[in-house]
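Below is one structure, written out as structure tokens; the observations come after it.
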Amino acid sequence: MGETAMKRRLIAGAAALAVGMPTLVGLTTSSAVAAPVTGLPTTAFPLGQAGVPKSAHKSLGPGIDYFTVKHGTSKDGYTVSVIAGGKDFMTEATAQTQAVAVQDAGMTPVIVKFTRPAVADFPAADFWSVHVGSWSLKDKDEAAKVVKELKKAGISSKVDYTGDDGFQTSGPWSMRVVTIDPRTFRGSFRSSLGVSVAKRETVSSMAKAAGATVAVNGGFFDIHTLKNLRGDPTGLSVVNGKLLSEAVAGRIGIVLKGRTAHITELSSSVVANAGGTKAVVAGVNRVAKPDELVMYTEEFGAKTPKDDGTEVVLDASGKVIAVRSPGAAVTRGTRVLHGVGAAADWLWEYAEEGATVQVTTTVTDLRTKRTIPLTPETSIIAGAIGLVRGGQTAITANRDGMANVNMILRRHPRTLAGVTASGKLILAVVDGRDPGKSVGASFIEAAQIMRWLGARDAINLDGGGSSAMVIGKKVVNRPSDGIERGVGDALLVLPE
């Protein structure tokens, strides 16, 4: 047997003895006698050791209840995870190769096999990672020294908090929960994009401007577009009945109207009609792709992106009041149709100055197959991931663009929204990336939490450093960036 083969056999054997198969997401079935405060479930917290969590309650007004929830204790620490191809998970063959390199550097590797669990629309899969060492919370600096030594040997690695990895943990968890009961609540729900679509803004700023009692961050936003346009939601956004970002067809969202809320899959359609011909408007308030026609509204809040396309400016009646090159502002009371390639040719042919272009906007609830009336009381926040449907876990990570190890398995701060069978809206923020204080939640754990809170349907909104809950003028959770992050949109609970 060659030297390399011997090393691989030894490493694999050591891994099996030292680690074995990690356990994913500890479930509990025990229940407690009573909840600590009225309004929270009387059953045990669904994660970690069985038991009723510590909690406190405050009424924020008729029908609005605010809870703090804490559960579990910290037993996790740090390890060093080897990175290959930019990721800390890999194939078995790659893990074996990386482990040999670590051993050649004079350190002891441990190969860990784990399973990314199956979700509703994506199968399970096995992966491997390579770890070096184990340290307590207070010894993080020792782990960092190992990262430096590995770097000298040409091995990429990182200090990894084991509470984040998605395997079994004792916590702790720290959550903020708000429930709004439409039977006694007299205010309304709204979405907000802040001062503009293009610009990111903090939840507290949007809450203050609207006078909101409660606010949480909304859906995901496009961090991969032009720098000055990164407030654009990556899915459907309707504010005060106006479509400001198109849907990713079939992606889930929350529809708000007055003091009602429901969760469903959505699609949108925008069609321009001029000279007896129709053209599909592929996007709203975003950068155009080749041959696309997009529309910018007065809420865009930035100059339209410069390219070799053509723009026509429409007044409120749809009359073309100007034909121009891209790269100018969208003035109040106007819309701009921006065409590239074939779409620009269509504008030149059918949307000359003085012509009329009728723009028709439709949003469809794909569960009921019905059009959603876009009244001034209607708001929609999408760009989310389905977690619970009909009271059962139904995680739609693949359909909603988040089918990967990092999002499905690993723990992160989470902002969650759900609706109970009686129509009560649940807003929850689970803090994370805060070693020793709160581990966050995986998609599976987030679904368990929302079912525990009584949600019949629930979604995961944007999370990570974006997760924020504002009560009045105060951010009440602990944003993982250390400060509140600017986000694309927010869900607001407004007083009467």
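These figures come from a predicted structure and were not determined experimentally.
- Of the N and O atoms on the side chains of D126 and T115, at least one donor lies less than 3.5 Å from an acceptor on the other residue.
- Residues D121 and T396 have side chains that never bring a donor and an acceptor to within less than 3.5 angstrom of each other.
- You'll find the side chain of P41 reaches within 4.5 Å of the side chain of L453, heavy atoms only.
- Between I254 and A261 the shortest heavy-atom distance is CD1-CB, 4.2 Å.
- For the atom pair Y66 OH and T213 OG1, the distance stands at 14.0 Å (nearest 0.5 Å).
- The salt bridge (Lys or Arg N to Asp or Glu O under 4.0 Å) pairs that include a residue from residues 415-429 number zero, where partners must be two or more places apart or lie in different chains.
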> Going through the distances and angles, do H57 and D65 end up as a side-chain hydrogen bond (donor to acceptor under 3.5 Å, both in side chains)?
Replying inline: CA-CA 7 Å; H57 167 260; D65 292 288; 2.6 Å; yes
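- The pair E201-R485 does not meet the salt-bridge criterion, since no charged nitrogen lies less than 4.0 angstrom from a carboxylate oxygen.
- Each of K369, R251, R389 was checked for a salt bridge (Lys or Arg N to Asp or Glu O under 4.0 Å) with E265, and the lone residue meeting it is R389.
- In plain terms, the two heavy atoms of L150 and S157 that are nearest each other are CD1-OG, 3.5 Å.
- Between the side chain of R116 and the backbone N or O of P123, at least one donor-acceptor pair lies under 3.5 Å.
- Remark: the backbone N or O of S245 is not paired with any side-chain donor or acceptor of S237 at under 3.5 angstrom.
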> side-chain hydrogen bond (donor to acceptor under 3.5 Å, both in side chains) between R478 and S174: does it pass, once the steps are laid out?
Replying inline: CA-CA 9 Å; R478 292 169 60 99; S174 178; over 6 Å; no
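- The backbone N or O of A93 lies less than 3.5 Å from a partner atom in the side chain of T97, making a donor-acceptor pair.
- Ring-plane geometry between F45 and H71 is classed as tilted, the angle between the planes lying from 30 to 60 degrees on a 0 to 90 degree scale.
- In terms of modelled atom types and a separation under 3.5 Å, the side chain of N404 and the main chain of N406 share a donor-acceptor contact.
- Using a 4.5 Å cut-off on side-chain heavy atoms (C-beta onward), L266 and T364 make no contact.
- Here the side chain of R433 pairs no donor or acceptor atom with the backbone of P479 at under 3.5 angstrom.
- Scanning all heavy atoms of the two residues, the minimum distance from P435 to L137 falls at CB-CD2, 3.7 Å.
- At least one side-chain heavy atom of R367 sits less than 4.5 Å from a side-chain heavy atom of I252.
- Side-chain contact annotation: D222 with T234, donor-acceptor N/O pair under 3.5 Å absent.
- Nearest approach of L409 to S442, heavy atoms of both residues: O-CB, 3.2 Å.
- Closest approach of D76 and G163 over heavy atoms only: OD2-CA, 3.5 Å.
- Residues L425 and F189 form a side-chain contact, since some pair of their non-hydrogen atoms from C-beta on lies under 4.5 Å apart.
- Here the closest heavy-atom approach between residue T415 and residue S467 is recorded as OG1-OG, 2.9 Å.
- No donor-acceptor distance shorter than 3.5 angstrom exists from the side chain of R176 to the backbone of F67, with no hydrogens or angles considered.
- For the pair T68 (side chain) and S55 (backbone), a donor-acceptor distance under 3.5 Å is absent.
- A donor-acceptor distance shorter than 3.5 angstrom exists from the side chain of S192 to the backbone of G194, with no hydrogens or angles considered.
- R411 places no side-chain N or O within donor-acceptor distance of the main-chain N or O of D164, the cut-off being under 3.5 Å.
- Contacts classified as salt bridge (Lys or Arg N to Asp or Glu O under 4.0 Å) and involving residues 129-142 (residues at least two apart or in different chains) are given here: E142-K145.
- Proximity of Y161 to T79: side-chain heavy atoms (C-beta onward) are nowhere separated by under 4.5 Å.
- Ion pair R286/E292 flagged as a salt bridge, since at least one NZ, NE, NH1 or NH2 atom sits closer than 4.0 Å to an Asp/Glu carboxylate oxygen.
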> Under the side chain to side chain contact (heavy atoms under 4.5 Å, CB included) criterion, do I459 and L387 qualify, and how do the steps go?
Replying inline: CA-CA 5 Å; I459 58 175; L387 295 176; 5.6 Å; no
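- Under the 3.5 Å distance criterion, with hydrogens and angles disregarded, a donor-acceptor pair is assigned to the side chains of S204 and E484.
- Of the possible donor and acceptor atoms, one in the side chain of W452 sits under 3.5 Å from a partner among the backbone N and O of A44.
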>> For a salt bridge (Lys or Arg N to Asp or Glu O under 4.0 Å) check, start with the C-alpha distance between E445 and R414, then their side-chain angles and the critical distance, and finish with the verdict.
In response: CA-CA 10 Å; E445 291 169 332; R414 303 281 181 186; over 6 Å; no
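- Under a 4.0 Å N-O distance rule, the pair K158/D88 qualifies as a salt bridge.
- For the residue pair T94 / T91, a side-chain donor-acceptor distance below 3.5 Å is found, with atom types taken as modelled.
- The existence of a salt bridge linking D431 and K437 is excluded, since no basic side-chain nitrogen approaches an acidic carboxylate oxygen closer than 4.0 Å.
- H131 and D160 form no side-chain donor-acceptor contact under 3.5 Å, judged by distance and modelled atom types alone.
- Looking at T162 and Y78, their side chains never come closer than 4.5 Å, going by heavy atoms from C-beta outward.
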>> Evaluate V239 against S191 for side chain to side chain contact (heavy atoms under 4.5 Å, CB included), listing each step before the verdict.
In response: CA-CA 6 Å; V239 179; S191 63; 3.5 Å; yes
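- Checking T202 against R200 by side-chain atom types alone, no donor-acceptor pair falls below 3.5 Å.
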